[in-house]
Structures are given as structure tokens and as C-alpha cells.
S.K.: 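Please see the structure below; I have some questions.
Throughout, numbering of the chain's residues begins at 1 and tracks the sequence.
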Amino acid sequence: MHTLTRDDIQQAARLVYQVMPATAQYAWPLLAERLGCTVWVKHENHTPTGAFKVRGGITFMHWLKRTHPDVKGIVTATRGNHGQSLALAASALGLRALIVVPEGNSVEKNNAMRGFGGEVVECGRDFDDARVEAARLAQAHGLLLVPPFHTELVKGVATYGLELFTAAPDLDTVYVPIGCGSGICGVIAARDALGLKTQVVGVVSTEADAARLSFEAGEICETPSANTFADGLAVRKPIPEAFAIYSAGAARIVAVNDGQIAEAMRIFYTDTHNLAEGAGASALAALVQEREAMAGRKVGVILSGGNVDRGVYARVIQ
């Protein structure tokens, strides 16, 4: 992937802003009081799909129409947020969107994908299985397979990094969840394009910590399972292109467990009255874990999405 310039990201922003406004970032006083540092929250839970991925969906679809004018539609694998993003963007351009999810996937995310115009297919025990089926369907139906990681996706996602760093250029550290990696790569790209010194810290689940293991080993490692309720983090093996970027551009990767993630979801609700899904709360969970090291600093946390099923949230919030 070539290094994104500020101009690249600003061009992507122009496309994104045809569909949605920039999201807010706020320094919440109760979070600062609780954690002993300034906490800027980037509210990607406030996009039209309730998660950051819509930005990449928009830029990717524009690129697709430009470079593959004859394409009839796309197929992709997802746990939900990537799929909603592509369903919205594909429908807007009149393309078919076939979305493969693992069996037992979030019912509400599946409904949302259908609501945005996607056709949802359930297959496999987890995201990595769904990816295999998506590749098969692409061949069978003559559709373009959209990978979970692509330069055009990162370009769109980097627009939230640009917004955050423009509003708060003096952040010491930003915590970003890692699933397939477009989020952290977008933040690194925006930081580098602006020439900032901010440390970017990736966050994974203790139950799906392949990215952390790979980061520490300096090569790609895989885990046998990815059993966390934070479905946006539930990936067994890093995407090589993403790993190449965050292994070089991140300061470190920290792991948080489901209990810490649930607690961060409660803190978001109590201190800011924002709804965070598991992956969306993981960055705050990591800051809570490292609060002593962050004392007195200016810190950013990416609230990457708020798409949590009602039943799950009800259990967490009790």
C-alpha cells in the first residue's frame, strides 16, 4: 500500500461528506475525572451505519465504479459493520451486495445489513470461515470479492483520523481497536500524513490476540479460536497487508478481556451516555488498564461503533 498523503485523505473526505457529516470528538469531563487524564472520544458510533467502516465503504465503491465499470455487484465477509457499510454504499450506486456472515451472527447486525440493501448468507463457525465462502460465491456468481482490507478502505477510514487529529493535534496517545486492521492503519496514515508524533496503540481481545502475538513475534501468528463477545475483534489471523503497516506504525498492542470490555461499555454509558459495542469499547478498556502510565496526558480513544444487540447490552449493563 502506498503511503497516503494529506491530499489523498482530504479527497476521500470529500466523497465521505457527500453521504455523512464529520463525526464529533469530545473531551468528556467525567472520563477525565475517572482516569486522571484528558480523554478525547472519537464518536464513530454516530455514523449512518453506527460504525466507522461506512467511510471505507464509500471510498471503495467510488473506486470500484471507476476501475471496474462493468461490475454487477460485490460479495464480502463480515461480522456486521463492514457489511453494513458496503451494503449502503453498493445500494447507493445500484450494485448488488452479497454479505456472508458466520452462523449465529448478531441478528440485529444481519437485519441492519438487509435494511441497507444487502443479501445476507450465513455460513461457517467464525469470520475466517465466512471469508472462504465469500471467495467461493464471488466465483460462482461473477461478483467482485471485497477484501476486509484494501488501500481504498483505509483511505476512507483515515478520514476519521484526520478529523480527530485536526481537532486535537496534541494527543500523546490514541487507542484503536484491531479487527482486520483498517481502523488502526487509517489512524497511522492520518498521523503520518500530518507529521504528528502521537503514539498509536492497538487493542485486541485476550481471546483473539493474534495481532498482539504477531506484533511481538515480528511475524504473522494465528490463534485456534476467537471467542469474544466483541465481534469486531474476533479475528484468528492478521491480514498481512494490515500487519505490515501496524507492525511498523504502532507503539504497542495491548489485550483486554471480555470483563474489561463490558466494564468499559458501562463506563461509556455512565460517563457519556453513549452506546458502545464490544469492539467499540475496547479502546477505553485499554486506557483503563494503562491509566497509571497515561496520568496527566492527553489521550484519544476510538469509539469505533455502537452496534450491539439489545440482549447482549442488557446483560452487560446490569
S.K.: Contact between I302 and Y175 at the side-chain level, heavy atoms closer than 4.5 Å - yes or no?
M.R.: no
S.K.: Looking at G156, is its backbone amide N or carbonyl O close enough to the side chain of T159 to form a donor-acceptor pair, meaning the two atoms are under 3.5 Å apart?
M.R.: yes
S.K.: Pairing donors with acceptors under 3.5 angstrom, does anything connect the side chains of E163 and Q25?
M.R.: no
S.K.: With a 3.5 Å distance limit and no angle check, can you tell me whether S91 reaches the backbone of L88 through a side-chain donor-acceptor pair?
M.R.: no
S.K.: What are the two closest non-hydrogen atoms of A190 and G161, and how far apart are they?
M.R.: CB-C, 3.6 Å
S.K.: Once you measure the plane-to-plane angle for H150 and W63, does it fall in the parallel (<30°), tilted (30-60°) or perpendicular (>60°) bin?
M.R.: tilted
S.K.: Connecting only ILVMFWY residues whose side-chain heavy atoms lie within less than 4.5 Å of each other, what is the rest of L98's hydrophobic cluster?
M.R.: V75, V100, V121, L137, L143, L145
S.K.: Any side-chain heavy atom of I253 within less than 4.5 Å of one from E216?
M.R.: no
S.K.: Side chains of R297 and L171: does their closest heavy-atom pair fall under 4.5 Å?
M.R.: no
S.K.: Tell me whether I184 is reachable from L196 by hopping between hydrophobic residues (I, L, V, M, F, W, Y) whose side-chain heavy atoms are closer than 4.5 Å.
M.R.: yes
S.K.: Are R55 and T23 close enough that a side-chain donor and a side-chain acceptor fall under 3.5 Å?
M.R.: yes
S.K.: So does A210 get a backbone contact from the side chain of S214, meaning a donor-acceptor N/O pair under 3.5 Å?
M.R.: yes
S.K.: Starting from the C-alpha separation in whole Å, work towards a yes-or-no answer on side-chain contact (heavy atoms from CB on, under 4.5 Å) for M294 and L35.
M.R.: CA-CA 9 Å; M294 291 297 125; L35 293 168; over 6 Å; no
S.K.: Quick one: SG on C185 to CZ on F243, what's the gap to the nearest 0.5 Å?
M.R.: 11.0 Å
S.K.: Honestly curious: do V54 and F149 fall in one hydrophobic cluster under the side-chain, below-4.5 Å linking rule?
M.R.: no
S.K.: Can E108 and R310 be counted as an ion pair, charged N to O under 4.0 angstrom?
M.R.: no
S.K.: To the closest 0.5 Å, what do you measure between CG (L86) and OG1 (T78)?
M.R.: 8.0 Å
S.K.: Taking side chain as C-beta onward, heavy atoms only, is V41 less than 4.5 Å from F268?
M.R.: yes
S.K.: Under the ring pair (Phe, Tyr, Trp, His ring centres under 6.0 Å) test, which residues partner H62, sequence neighbours left out?
M.R.: none
S.K.: Would R6 and L194 satisfy side-chain contact (heavy atoms from CB on, under 4.5 Å), going step by step from the backbone distance to the final call?
M.R.: CA-CA 7 Å; R6 186 178 188 152; L194 294 171; 3.3 Å; yes
S.K.: Is any side-chain heavy atom of K237 closer than 4.5 Å to a side-chain heavy atom of R131?
M.R.: no
S.K.: Between D172 and K298, is there a donor-acceptor pair closer than 3.5 Å when you use the side chain of the first and the backbone of the second?
M.R.: yes
S.K.: Examine distances only and state if a side-chain atom of T76 and a backbone atom of V146 form a donor-acceptor pair shorter than 3.5 Å.
M.R.: yes
S.K.: Starting from the C-alpha separation in whole Å, work towards a yes-or-no answer on salt bridge (charged side-chain N to carboxylate O under 4.0 Å, His left out) for R236 and D129.
M.R.: CA-CA 10 Å; R236 283 189 270 135; D129 284 354; 3.6 Å; yes
S.K.: Between the main-chain N or O of L233 and the side-chain N or O of S205, is there a donor-acceptor pair closer than 3.5 Å?
M.R.: no
S.K.: Looking only at heavy atoms, which two atoms of A283 and P177 are closest? And how far apart?
M.R.: CB-CD, 4.2 Å
S.K.: Hydrophobic clusters join Ile, Leu, Val, Met, Phe, Trp and Tyr when side-chain heavy atoms are under 4.5 Å apart, directly or via other members; which others share one with L213?
M.R.: none
S.K.: Can you see whether N45 engages E277 through a side-chain donor-acceptor pair at a distance of less than 3.5 angstrom?
M.R.: no
S.K.: Just how far is it from atom OH of Y17 to atom CD of Q10, taken to the nearest 0.5 Å?
M.R.: 9.0 Å
S.K.: Scan side-chain atoms only and decide if T198 and R191 contain a donor-acceptor pair under the 3.5 Å cut-off.
M.R.: no
S.K.: Are Y160 and L15 linked, directly or through other ILVMFWY residues, by side chains that come within less than 4.5 angstrom of each other?
M.R.: no
S.K.: List in chain and number order the residues that pass side chain to side chain donor-acceptor pair (under 3.5 Å) with R136, two or more places apart in sequence or in another chain; answer none if no residue qualifies.
M.R.: E133
S.K.: Tell me, with the steps shown, if I245 and E241 meet side-chain contact (heavy atoms from CB on, under 4.5 Å).
M.R.: CA-CA 7 Å; I245 295 167; E241 300 88 340; 5.9 Å; no
S.K.: Classify the side-chain pair T5/D7 by whether it contains a donor and acceptor separated by less than 3.5 Å.
M.R.: no
S.K.: Sequence neighbours excluded, which residues qualify as ring pair (Phe, Tyr, Trp, His ring centres under 6.0 Å) partners of F127?
M.R.: none
S.K.: Kindly give the heavy-atom pair with the smallest separation between G83 and I99, and that separation in Å.
M.R.: O-CD1, 3.6 Å
S.K.: Check whether E207 reaches the backbone of D258 with its side chain - one donor and one acceptor, N or O, closer than 3.5 Å.
M.R.: no
S.K.: Could you please spell out the steps behind the side-chain contact (heavy atoms from CB on, under 4.5 Å) verdict for N81 and K109?
M.R.: CA-CA 7 Å; N81 289 338; K109 281 183 175 170; 3.6 Å; yes
S.K.: Start with the C-alpha gap between R125 and E103, add the side-chain angles, then the distance that decides, and say whether salt bridge (charged side-chain N to carboxylate O under 4.0 Å, His left out) holds.
M.R.: CA-CA 6 Å; R125 73 185 169 107; E103 284 156 15; over 6 Å; no
S.K.: Looking at G280 and S304, what are the two nearest heavy atoms and their distance?
M.R.: CA-OG, 3.3 Å
S.K.: To the closest 0.5 Å, what do you measure between CG (D309) and CZ (R315)?
M.R.: 9.0 Å
S.K.: Identify whether V299 and V174 are in the same connected component of the hydrophobic contact network (ILVMFWY, side-chain heavy atoms under 4.5 Å).
M.R.: no
S.K.: Is the closest side-chain heavy-atom distance between D231 and S106 below 4.5 Å?
M.R.: yes
S.K.: For F165, check ring pair (Phe, Tyr, Trp, His ring centres under 6.0 Å) against everything at least two apart and list the hits.
M.R.: none
S.K.: If hydrophobic clusters are built from ILVMFWY residues whose side chains come within less than 4.5 Å, do L287 and L30 share one?
M.R.: no
S.K.: Could you tell me whether the side chain of N274 reaches within less than 4.5 Å of the side chain of W28, counting heavy atoms only?
M.R.: yes
S.K.: Taking all atoms of both residues into account, what is the closest heavy-atom pair of A285 and Q260, and its distance?
M.R.: CB-O, 3.6 Å
S.K.: Kindly give the heavy-atom pair with the smallest separation between A89 and G57, and that separation in Å.
M.R.: CB-O, 3.4 Å
S.K.: Using 0.5 Å steps for rounding, measure from the CZ atom of R34 to the CG atom of L284.
M.R.: 8.5 Å
S.K.: Between atom CD of E152 and atom CG of L64, what is the distance when rounded to the nearest 0.5 Å?
M.R.: 10.0 Å
S.K.: Tell me, do V254 and E290 make a side-chain contact under 4.5 Å, heavy atoms counted?
M.R.: yes
